[in-house]
Amino acid sequence: MKKLHDAHGATGIPDEKGEGHFHTKSDLPVPVGSDLFRADAYGKVTGRERYAADEYPAGLVYAGVVRSPHPHARILAIDTTGALACPGVIAVLTGGDIRGTNRTGLPEMDQPVLADTKVRFTGDPVVLVVAEDRELLRQAMAAVKVTYEPLPAVFDPDSALAKGAPVLHENRKEGNLLFSGVIAKGDADFAFSECAAVREGIFSLPRQEHAYLETETGVAKVDGDGVLEMIVSTQSPFRDSREIAAALGIPPEKVRVIAPYLGGAFGGKDGITVQGHLGLAALHSGGRPVKIWNSREESFVSSTKRHPGRVSLKLGCTKDGTLHALSCRLIFDTGAYAGLGGPVAVYGMGHAAGVYRVAHSRVEGMNVYTNNPPSGAFRGFGIPQVIAALEQVVDMLAESIGMDPLEFRLKNAIRVGDETGLGIRMSNSADIVTCLEKARDHPLWTGRDEWIRQAPDYKRRGVGIATGVLGIGYGPVIPDIASAKLELLTDGRFRIYAGVADMGQGNNSANIHIAGDVLCQSPDRFELVQPDTFRCLNSSSSAASRTTYSYGNALILAAGVLKERILDKVAQLHPLFRRENLILVPGAVRHTPDGSDIALHTIAEAMQEADRVATATWTAPVNRQQLAVAPDVKMYGFPHLAYTFTTHLTRVEIDEITGAVAVDAYLAWTDAGRIMNPHVYEQQIQGGVIQGMGYALWEDFRVTEGAVVTKNLSTYILPTSMDVPDILSVPVETYEESGPFGMKGVGEIGIVAALPCIANAVAGAIGFRVCDAPLTPERILTALRRAA
Amino acid sequence: MKIRCIVNGKQTDLETAPDRRVVDLLREDLGLCGTKEACGSGECGACTILVDGESRLSCLMIAAQLEGKEIVTIEGFSKEHLHPIQEAFIVHGAVQCGFCTPGMVLAAADLLKRNPAPDRHEIRRAISGNLCRCTGYQKIVDAIESLARVEEESDE
């Protein structure tokens, strides 16, 4: 068993004082690259960590949202008199009570805090009620009367684009088309005629619900200085504060957003969830704090989902198996509001050639408004949908020309310096080749035929592979900037002001690892301040596999600045010490010629307060290749500069009687640059793969005529511990020049290849390809019948 | 109604509505927010507590059911030092967002009490009522398994 204080193992267990205070066997720093226990683990295993959901300030009142029962309707009248007459009611608010723009969203500001003239999905917020307690709130909400005139509605992108279709946002000249764009290289149409083999597939990808355990929640109040202060479960506190200010008509400097550790998010809290309602409620609660905590059902009905969509992908190769032509057409359903729909479509398009060199390509993408619940960011951000299609067609094409699917991939895989199928020059670290080679040589791959042959009665077995790729950061136009802030405290310890929210991935623990390495200090000498728009510096959202990548780079700079100031101060205090003979050691500065140490707290006390606080800003380098794409395609994130890569291998066993797919084994080889903290790296891969497995097999979010059918965790099936195998995750380390300590973000790459990997194994097992995900038992049984 | 029970080792007299949900009683009245709520309908296990040593879902219990019982929440699970299960969760990296963690730790305690040396399959079965959306469960199973092995070693 691993012990807490293994001499060579991980160190850094927080003690009873809580987060940021560590008991370590030694006072030694833990270098980046070795295991460091997460700083947040102690508070979380003891139940002491305070999430936004755990805030119950004195005088608390509750707010709730009355939502539309119609997918599309005009609001004729809202009668609040009954609700206002209910006992314990503090406020009943409508869109007319909002002084600001009453719009949130990014990049399109199209989502009302409360509906003004019409509703666009079943669940659209209409009336906000504030009451003394939850029971009185429920009664008052039931007394709100809204009269609607139902309007014709559209529930799929094709209908929404049809001539004469009802339009959701009348002010848009493009009608229901939110975004369309093209990425092309060469002449794909002609190139297909030069191919020896061409395969094509049309794949339907489902909605996926984030199902973070902590549903959307927060507490807000207006303090004596008129500042709207909010503690909320969010990935994007800085952006939120600006959006709240504009939507509610209050000065941005009067909005303070604090983002404690989140109980999960996965993209679903990248932007406004309850913030607009919380802020509005707090402005009308007479200074009392207001809480919103969505029920699971309300969360499922109102929150964004992974974009459902259809991906049609055609791929051709020459006689020797060289990929020659690619065409891909994706159409996503963004639901009633844009959310991050444009960027999601572009991220998908921008990864349509996967890890391959292809001579000619044409990728078309569209994202379309419908009267369905809104779609948005979800781990992978449009890429899992596209990779799901590509990697299945790659298998189909390999079969057509009689090549081993792994050798086929290896033959076409990009190396550093290559140009991808979309014309992107791979200038940075990229080692998909080693990932593939390791899969090729693994016993589960080399011994697959024998394992398949040994299938028991009434079982079918299959072994599948797939690759994946994911660009990190925001792309070439939207600046990916992080600003780190680090303080030397007068007791000689350090405080890191986190600029990026930690939704569970451990990025803020990584800050301690990074600063500790640069400053040569043990983890117990650090404490963390979670993002707070009044105390920390804007470092943008917790998203795009950029949290540690960007903030880590800024923190290295800030720590370097502080280090120099500390050494300068010692040189100034001790005129006989030569500056070049001074180094930082744990808890002190050492004068190396005589080994004398000057304690950090002594130095800190001698420093000016302003000098004890170091800040630094880092801006991510971007891909400066000039590719011929429209400005919005570029702005939404094409192309990226640095990419992560992965090869997955799985074997599945299918029950011929029930149609159930059991995943027997799963392996993932991943190039995410250098590994900063091995067990945190594994956490991200394992968690990502299992979420991908749920996406592939069980998670079937049903919406009928715009209304959510799967409203709870017994109808929307998440993977349980009994459904999934252990994952073998093997890093294929590279050194990414642009990353802190050579790392690349690893938060999303784990999910992108899971669906096609499993689908390829299933197709091999049953001799029929199921193109509609998830691969539910019903679909498998139907396919088995068709194959027979 | 008046309810007498022991909460985290302390004799506690509660004055509450008999049908008040235990999860609300713990979080709102007693300030024991380590007990999480994530579904409110017994589907996820985040609100797991120990009642007379056995794991129970506090979102499905009402206050009246606590009469005469001994309740342990995550706050009362460790005394002066971390419980070995909590320590194992930290060491094995079983914690990500942490919202399932208190329930998982207590579900593990229930298992290890019944079966001191479970294998991985038995561990997976025992925690199958506790959903985790972050970890994929593997490191949680690793953490619990590490304690099972210790038990085996000490038997030898």
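In what follows, every heavy atom counts, from backbone to side chain, and hydrogens, waters and symmetry copies are set aside. The shown structure was predicted, so the numbers you read here are calculated from the model rather than taken from an experiment. Within every chain, numbering begins at 1; the chains are lettered A, B, ... in the order of the sequence lines, protein sequences first and strands thereafter.
- Considering only heavy atoms from C-beta on, A:Y42 comes within 4.5 Å of B:L82 through its side chain.
- Among the candidates A:E297, A:M693, A:Q691, the residue making the largest number of heavy-atom pairs closer than 4.5 Å to chain B is A:Q691.
- Note that the SG atom of B:C132 and the CG atom of A:L213 stand 7.0 Å from one another [nearest 0.5 Å].
- Considering all non-hydrogen atoms of both residues, B:P102 and A:G47 come closest at CG-CA, 4.5 Å.
- Here the closest heavy-atom approach between residue B:R133 and residue A:H210 is recorded as NE-O, 2.8 Å.
- To the nearest 0.5 Å, the span separating CG on A:N712 from SG on B:C39 amounts to 8.5 Å.
- Looking at B:K139, the atoms closer than 4.5 Å to chain A (heavy atoms on both sides) sit in the backbone and in the side chain alike.
- Residues A:V45 and B:E87 form no side-chain contact, since every pair of their non-hydrogen atoms from C-beta on lies 4.5 Å or further apart.
- Taken to the nearest 0.5 Å, the CZ atom of B:F89 stands 13.5 Å off from the NZ atom of A:K44.
- Between chain A and the options B:L131, B:V105, B:I85, B:N130, heavy-atom pairs under 4.5 Å are most frequent for B:L131.
- In this structure, the separation between OH on A:Y51 and SG on B:C97 is 5.5 Å, given to the nearest 0.5 Å.
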Should B:H92 and A:H679 be marked as a side chain to side chain contact (heavy atoms under 4.5 Å, CB included) after you check the CA-CA gap, both sets of side-chain angles, and the distance that decides it?
CA-CA 8 Å; B:H92 288 271; A:H679 84 270; over 6 Å; no
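- Between the SG atom of B:C134 and the CD atom of A:Q686 there is a distance of 12.5 Å, given to the nearest 0.5 Å.
- With chain A as the partner, the residue from B:T101, B:D142, B:I140 showing the most heavy-atom pairs under 4.5 Å is B:T101.
- Ranked by non-hydrogen atom pairs under 4.5 Å with chain B, the options A:G694, A:A265, A:A211, A:G264 are led by A:A211.
- Across all their heavy atoms, B:Y137 and A:P719 have their closest contact at OH-O, 2.7 Å.
- Residue A:S295: no heavy atom, backbone or side chain, is found under 4.5 Å from chain B.
- Put simply, the side chain of A:R296 gets close to the backbone of B:A38: a donor and an acceptor are under 3.5 Å apart.
- The residues A:R134 and B:E28 are annotated as salt-bridged, a charged nitrogen and a carboxylate oxygen being separated by less than 4.0 angstrom.
- Heavy atoms of A:I727 lying under 4.5 Å from chain B belong to its backbone as well as its side chain.
- Atom CD of residue B:Q138 and atom CD1 of residue A:I690 lie 7.5 Å apart, to the nearest 0.5 angstrom.
- The side-chain heavy atoms of B:R27 and A:D54, taken from C-beta on, include a pair separated by under 4.5 Å.
- Nearest heavy-atom pair, B:E43 versus A:L713, reported as atom, atom and distance to 0.1 Å: OE1-N, 3.0 Å.
- Taking chain A as the reference chain and counting heavy-atom pairs below 4.5 Å, the highest number among B:E75, B:Q86, B:H83 is found for B:Q86.
- Residue contact with chain A, scored on non-hydrogen atoms closer than 4.5 Å, involves the backbone of B:T135 exclusively.
- When all heavy atoms are compared, the tightest approach of B:R124 to A:V724 is NH1-O, 3.2 Å.
- Shown here for B:Q96 and A:R38, the closest heavy-atom pair between the two residues is O-NH2, 3.0 Å.
- Ranked by heavy-atom pairs shorter than 4.5 Å toward chain A, the options B:A94, B:S41, B:G42, B:G136 are led by B:G136.
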